[in-house]
Asks: 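Just dropping this structure here.
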Amino acid sequence: MDHAGRRARAAARSGAAGVAALLLSPGSDLTYLSGYRIFSSERLTCLVLANDGTSTLVVPELESPRAIAAAPDLAPVTWGETADPYALVASLVPGGSGAIGVSDQMWASFALGLQRALPGREFRLASEITRELRMRKDPAELDALRAVSAAADRAFGRALDLEFEGRTERQVGADLAALLRDEGHDEVMFTIVAAGEDGASPHHQTGHRVIRNGDTVVLDFGGTRAGYGSDITRTVQVGGRPTAEAVQVHDVVRRAQEAGYAAARTGATAQSVDAAARAVIAEAGYGDFFIHRLGHGIGLDGHEHPYLVSGNEQVLEPGMAFSLEPGVYLPGRFGVRIEDIAIVGPDGRCEGLNQVDRALATVR
Ligand code: ZN
Ligand code: ZN
Ligand code: ZN
């Protein structure tokens with residue numbers, strides 16, 4: 001990953017936007033611009049990227065070995081346990097009246113501390129600068145997304161051999177997590193197993209419900225590999241013999257996703273892709289039961305720009321990556337969702353990174 005090139009582009013954009021420096025604490029913007037991935041803690045870690053291109057990584061002394069290993073091209077400036085890291089960061093910010101861009105994921109305690117240390121400066125969100133860069137993935141990022149999506153596909157393929165009937169959602173969820181790791185994920189971020197009526201809650205909290213023969217089950221799971229996320233949903237039927245309505249709803253959702261694929265191309269707006277998929281579901285009479293946007297961008301964050309949602313006029317371009325995940329949720333009964341991660345390719349067409357079969361598969 002070309003972190004130095006990304007920093008140069010971010011610095012140039014900052015200068016053009018009247019931002020004196022970006023202040024990035026642990027989170028995806030920091031990782032994007034430096035390669036450094038670190039948990040957030042009460043000790044301030046902050047990349048100071050001035051608009052002249054100078055970058056300094058301010059780190060707590062005890063974390064400097066880790067920081068040097070992760071971002072060897074950034075000489076860290078360390079602070080000891082009793083020092084004032086806010087004064088240190090402020091001393092690295094170019095003087096004058098330029099604004100300060102703080103990472104969207106910065107803890108409020110740090111943002112307020114930096115505001116006190118830099119009185120009179122305008123504070124803005126760093127995403128004003130980083131969003132445009134991060135939305136257009138470079139080839140190395142697209143390779144990372146391909147690899148992690150392929151791993152999720154393999155995990156789903158093996159999940160079809162799991163035993164569902166008589167086990168709890170949680171037990172199946174633990175199996176899904178193990179499959180993700182076994183297929184090459186570094187971290188598992190979520191495993192939604194939503195059986196029967198639980199499937200009507202799109203972000204169901206996988207619980208103790210026992211899965212029964214005849215249940216339609218929504219499986220939505222993902223994690224990260226080399227920092228980049230997977231996110232896949234398939235809906236399965238326990239024991240075969242789905243109801244006629246489950247078959248019908250599944251077919252509607254599948255056709256809605258195909259409409260999304262066809263609409264997602266260079267030059268289309270994000271909202272037009274949502275509208276194309278939504279129209280299929282509305283025509284089938286289920287419009288009131290598709291209660292979320294069609295998709296979200298994905299990369300270093302599991303949800304990021306661009307969002308495929310009504311009102312978003314963002315124009316799609318090659319290198320953008322997002323989910324296509326229509327669903328129908330029938331309260332008290334069942335739900336169906338099908339989700340792939342897709343990218344806009346160099347030819348302007350949408351390419352699915354998840355290719356594992358989308359049919360309403362039978363599980364035991
Ligand atoms: Zn979701
Ligand atoms: Zn998902
Ligand atoms: Zn998703």
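Keep in mind that the numbers below use all heavy atoms, side chains included, and drop hydrogens, waters and symmetry copies. Note that the coordinates shown come from a computational prediction; the quantities given were computed from them, not determined experimentally. First listed ligand is number 1; within each ligand, the first listed atom is number 1.
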Asks: Can you list the residues that meet the side-chain contact (heavy atoms from CB on, under 4.5 Å) rule with Q171, with sequence neighbours excluded?
Replies: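 Expected list: R167, T168.
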Asks: For the Zn ion (ligand 2), find the closest N/O/S atom belonging to D220 and write down its atom name.
Replies: OD1
Asks: State, yes or no, whether a side-chain contact exists between V102 and Q115 at a heavy-atom distance under 4.5 Å.
Replies: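 No, side chains not in contact.
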Asks: OE2 (E325) to the Zn ion (ligand 3) to OD2 (D231): angle, nearest 10 degrees?
Replies: 170°
Asks: What distance do Y86 atom OH and L114 atom CG have between them, rounded to the nearest 0.5 Å?
Replies: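 Rounded to the nearest 0.5 Å, the OH-CG separation comes to 6.5 Å.
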Asks: Just jot down the ring pair (Phe, Tyr, Trp, His ring centres under 6.0 Å) partners of F290, sequence neighbours excluded, or say none.
Replies: H292
Asks: Kindly report the NE2-the Zn ion (ligand 3)-OE2 angle for H296 and E339 respectively, rounded to 10°.
Replies: 120°
